[in-house]
Amino acid sequence: MTMILKIAVPVPLRRLFDYLPPPACDFGRLRCGVRVEVPFGRRRKIGILMAVSEESDIDPGRLKAAWAILDDTPLLTAEDLRLLSWASQYYHHPIGEVVAAALTVLLRKGSAAELADERFLRLVADDLSVAEQACKRAPRQAALIELLRAHPNGVPHSLLKELDWDWRGAADGLIRKGLACWCECPAGQERDDSAFVPPPFQLNADQQHAIESVRGAMGAYAAFLLEGVTGSGKTEVYLQLTQEVLARGKQIMILLPEINLTPQLQARFRSRFSVPVAIFHSGLTETERCRAWLRMQQGEVGILLGTRSAVFTPMKSPGMIILDEEHDTSFKQQDGFRFSARDVAVMRARLLNIPVLLGSATPSLESLFNVSQGRYRHLRLARRAGGAVQPVFRLLDIRGHRLREGLSPALIAYISDTLSRGEQALLFVNRRGFAPTLICHDCGWVARCRRCDANLVVHAGDGRLRCHHCGFEQSLPGVCAGCSSEDLRPLGLGTERVEKALAELFPDARVARIDRDSTRRKGRLEAILNDIRDGRVDILVGTQMLAKGHHFPQVTLVGITDVDAGLYSTDFRSEERTAQLITQVAGRAGREDRMGTVVLQTRHPGHPLLQVLIRDGYSGFAKACSEERRAAHLPPFSYQALWRAEASDAEAPMRFLERVAGLARARSVADLAVLGPVPAPMARRAGRRRYQLLFQSSKRKVLHELIEALLPVISELAEARRVRWSIDVDPVDLY
DNA sequence: AGCACGCCGACT
DNA sequence: GTCGGCGTGCTC
């Protein structure tokens with residue numbers, strides 16, 4: 001009897017690879033989920049053992065023996081592997097790459113799956129006065145000594161890393177002076193899983209009901225959609241459920257859309273629970289990511305807070321998954337393995353037989369549809385906690401009005417009133433930079449990117465032109481490239497320009513800007529947020545970043561300079577996104593005692609969805625928007641899969657997709673629409689031509705069976721090797 | 001994706 | 001005469 005190892009090798013090939021066990025192999029180590037080092041072509045690869053079988057489709061003579069089994073115990077459980085196999089099938093993505101997505105880089109490279117003991121910094125000196133003397137002229141070292149004195153057992157390295165000053169230099173100084181040392185002291189390490197600081201305030205009835213409902217479902221699969229307006233206390237629900245999960249000796253995974261949001265939630269969890277919290281996002285070093293992964297996998301921590309990529313992290317004793325801001329499109333991976341962390345989370349909960357909770361103030365139409373189908377249970381938090389009032393909406397018809405840098409006289413008056421009351425105003429502008437275009441006033445020449453179908457964006461701060469799509473940049477030209485005229489003018493509005501205009505209109509006001517440019521440097525975002533919280537800012541200008549998570553209690557006016565762009569777009573999800581954005585930005589405003597006003601500038605004050613949104617709120621909008629989708633047979637009332645192809649050669653992508661479309665149409669499948677191929681909305685990006693082909697059906701099964709049947713043929717196509725192609729199941733934007 | 005093999009142009 | 005261009009084929 002021969003034993004065949006079925007291994008997922010991280011290559012873009014849609015199959016497992018068969019190997020013989022390594023020579024002199026202890027068969028006890030051949031467990032599914034261990035890493036296996038194998039010869040692959042003339043390379044060395046590390047794959048995951050998916051199954052052990054007696055059969056192989058490969059000629060036995062061609063089978064190679066694996067080199068080594070890397071783990072004594074599986075890195076991934078049978079449930080993990082089942083989830084990954086499902087994801088590979090559902091997203092039609094190569095299994096090896098899907099499995100690789102569940103590991104961290106270090107683990108993929110073969111690092112030992114062991115948690116290195118953490119280092120602790122500890123004082124050595126017995127006589128502290130000596131230490132104080134030695135550090136008289138070194139304030140940082142003195143401060144570090146203070147900290148070390150408060151922790152006689154030593155300060156863990158992970159805690160030191162969270163300090164926002166240069167502790168490293170100070171530590172080196174102390175070590176040089178022989179006052180401190182690194183040690184691995186697990187002594188005095190207390191772990192108390194039940195430790196919990198009780199909540200400071202009373203829950204309202206909605207919160208209690210939500211918590212009771214989910215608590216009642218513990219120990220089995222159930223999916224919940226928690227719809228709660230901003231400030232309604234969703235986080236408190238998460239905290240209480242976390243406590244419940246920990247009390248049952250289980251682990252909880254909490255997923256968020258952005259790494260910007262993790263520090264805040266992290267702080268709330270850290271202050272509430274004395275148990276350790278693992279953090280997992282792309283901003284960490286590989287060592288940190290690997291450590292967080294292993295701590296969850298080995299049951300060292302009860303709470304994992306992470307972004308999209310954390311959804312596959314193995315859990316020793318899974319208890320629940322929470323995914324906050326479920327409508328947010330950053331849960332969808334937009335390249336390579338294009339999975340939706342939200343949908344994977346739901347499937348994972350189902351396979352693990354645990355509850356999953358999706359939270360949002362503005363649920364996606366997909367999730368609301370799932371509620372209507374009985375797949376998710378709907379929980380609502382209607383009231384704002386503490387009784388704060390919902391903001392008032394005002395539509396400003398700007399037709400025929402003279403605008404000053406995009407600001408109408410009425411909006412300027414609103415801002416002026418707000419400032420005179422000593423309150424803060426927030427202005428939402430959906431573009432960073434100074435102006436989205438540079439145009440020649442004499443000949444009409446426009447600064448365009450040479451590699452993309454896009455205009456270059458004017459950045460006044462550092463006097464440069466940038467392409468926001470491929471990263472190209474150059475200094476601002478002094479003269480027109482077409483006619484040498486010196487009359488080059490920025491056209492359109494960006495955050496920088498609005499910031500400048502506001503500074504001129506309100507010379508006494510302090511204006512702060514929040515966008516990717518102004519917050520690029522580490523710690524900048526936190527600094528600006530602190531300024532806003534402490535009242536050192538009067539007007540805030542910013543992009544989407546403002547809409548996410550942060551709450552500004554002193555803001556009583558929210559202005560949105562242009563809602564029209566989002567109402568008239570080619571993407572059918574554009575209205576939904578705009579309504580979510582408006583609602584989210586509006587949610588930043590006001591607090592218990594002061595009512596917020598939300599002012600929307602538009603040239604289409606009669607737009608029906610806009611009217612519904614401000615009259616009936618997001619729920620009313622969602623209902624109306626869903627009806628339009630149903631009538632148009634668009635998701636969630638139908639399902640889509642998008643083929644994309646790109647190449648530097650202008651013709652190849654189109655030719656490839658035409659072959660795909662031809663093959664699909666030739667099968668004359670019922671209930672299937674094959675739309676395209678067409679050029680992508682940005683047909684040229686970074687010098688590459690991009691096309692796409694859409695499959696749509698009212699039955700998921702139809703799409704999957706077709707793709708499944710097509711893939712082997714398509715992979716062999718001569719046209720396929722001339723392009724880079726991919727399939728996007730449930731695409732969230734048709735770009 | 002890598003990495004080989006393989007057959008045609010400008011160079012130490 | 002070779003170095004190297006990227007077409008095409010393979011990976012258990």
Side-chain angles (χ1 to χ4, degrees), chain A residues 1-25 27 29-70 81 84-85 87-89 91-110 309 333-339 643-656 659 686-690 711-728:
Chain A
M1 183 188 87
T2 45
M3 257 194 189
I4 308 287
L5 313 185
K6 306 273 178 184
I7 297 183
V9 182
V11 286
L13 300 170
R14 288 160 216 276
R15 56 181 170 276
L16 295 173
F17 289 84
D18 296 351
Y19 287 86
L20 300 170
C25 172
F27 288 164
R29 298 180 82 206
L30 293 180
R31 297 211 272 150
C32 294
V34 296
R35 287 175 297 171
V36 185
E37 192 176 11
V38 295
F40 192 79
R42 52 198 63 202
R43 288 172 294 160
R44 174 194 81 105
K45 288 273 169 190
I46 293 171
I48 292 281
L49 179 56
M50 300 297 283
V52 180
S53 158
E54 289 171 30
E55 314 202 336
S56 173
D57 299 336
I58 303 294
D59 165 22
R62 284 180 58 212
L63 288 180
K64 293 181 185 175
W67 277 335
I69 308 293
L70 299 187
L81 297 180
L84 294 167
S85 299
S88 169
Q89 280 171 31
Y91 292 105
H92 300 281
H93 197 80
I95 181 69
E97 294 195 339
V98 170
V99 168
L103 307 177
T104 74
V105 170
L106 248 28
L107 293 169
R108 289 203 283 272
K109 289 199 299 200
S309 56
Q333 180 130 58
Q334 291 292 19
D335 51 67
F337 171 27
R338 297 172 177 265
F339 67 97
W643 296 78
R644 300 164 201 271
E646 59 163 67
S648 37
D649 177 57
E651 310 294 325
M654 187 67 175
R655 274 203 304 267
F656 167 69
R659 284 297 310 267
R688 301 174 71 82
R689 308 296 174 139
R690 308 155 71 230
L711 270 173
V713 189
I714 282 160
S715 313
E716 299 304 311
L717 241 40
E719 288 92 337
R721 46 181 56 258
R722 315 187 139 267
V723 301
R724 213 147 90 184
W725 61 272
S726 65
I727 314 167
D728 189 346

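By convention in this document, chain letters (A, B, ...) are assigned in the order of the sequence lines, proteins followed by strands, and residues within each chain are numbered from 1. All values reported here derive from a predicted model rather than from experimental measurement. Below, each value reflects all heavy atoms present in this structure, side chains not excepted, and no hydrogens, waters or symmetry copies.
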Report the distance from atom [atom1] of [X] to atom [atom2] of [N], rounded to the nearest whole Å.
X	N	atom1	atom2	answer
A:Y19	C:dC12	OH	P	4 Å
A:R42	C:dC12	CZ	P	10 Å
A:R721	C:dG9	CZ	P	6 Å
A:I46	C:dC12	CD1	P	16 Å
A:R15	C:dT11	CZ	P	8 Å
A:R722	C:dG7	CZ	C1'	8 Å
A:D18	C:dT11	CG	C1'	13 Å

*Please collect all ring-ring contact (aromatic ring centres under 6.0 Å, His included) contacts where either partner lies in residues 44-70 of chain A, sequence neighbours excluded, each pair once.*
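Residue pairs with at least one partner in residues 44-70 of chain A: there are none.
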*Heavy-atom side-chain proximity of A:W643 to A:D728 below 4.5 angstrom*: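 No, every pair of side-chain atoms sits at 4.5 Å or beyond.
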_Is the shortest side-chain heavy-atom distance between A:W725 and A:I714 below 4.5 Å?_
yes
_Applying ring-ring contact (aromatic ring centres under 6.0 Å, His included), can you list everything that pairs with A:Y19, at least two apart in sequence or on another chain?_
none
*asked:* Could you walk me through whether A:L5 and A:D18 satisfy the side chain to side chain contact (heavy atoms under 4.5 Å, CB included) test, starting with their C-alpha distance in whole Å, then the side-chain angles of each, then the deciding distance to 0.1 Å, before giving a yes or no?
replied: CA-CA 5 Å; A:L5 313 185; A:D18 296 351; over 6 Å; no
Would you list the atom pairs, donor with acceptor, under 3.5 Å between side chains in residues 42-55 of chain A and any protein atom, with sequence neighbours excluded?
unit_1 : atom_1 : unit_2 : atom_2 : d
A:R44  : NH1    : A:E37  : OE2    : 2.7
A:S53  : OG     : A:E55  : N      : 2.8
A:S53  : OG     : A:E55  : O      : 3.2

*asked:* To the nearest 0.5 Å, what is the distance between OG on A:S56 and CG on A:L20?
replied: 8.5 Å
*asked:* Among residues 47-65 of chain A, which ones have heavy-atom contacts with DNA chain C below 4.0 Å?
replied: A:I58, A:R62, A:L63, A:K64
*In residues 33-41 of chain A, which ones come under 4.0 Å of DNA chain C, going by heavy atoms?*
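The stretch gives A:P39, A:F40, A:G41 as the residues lying under 4.0 Å from the strand, ordered by number.
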*Using the ring of each side chain (for Trp, its six-membered ring), is A:H93 parallel, tilted or perpendicular to A:F337, with breaks at 30° and 60°?*
parallel
*Do A:D649 and A:R689 sit within salt-bridge range, that is, some charged N less than 4.0 Å from a carboxylate O?*
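Salt bridge flag = no for A:R689 with A:D649.
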*Is the shortest side-chain N to carboxylate O distance from A:R688 to A:E646 below 4.0 Å?*
yes
*Just call it for A:L20: base, sugar-phosphate, or nothing, with non-hydrogen atoms closer than 4.0 Å on any strand.*
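No contact.
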*Write down the atom of A:P39, the atom of A:A66, and the distance for their closest heavy-atom approach.*
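Between these two residues, the closest heavy atoms are CD-CA, 4.3 Å.
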*Tell me, please, the opening and closing nucleotides of DNA chain B, 5' to 3', among those with an atom under 4.0 angstrom from a non-hydrogen atom of chain A.*
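Range of nucleotides touched by chain A: B:dA1 to B:dA4.
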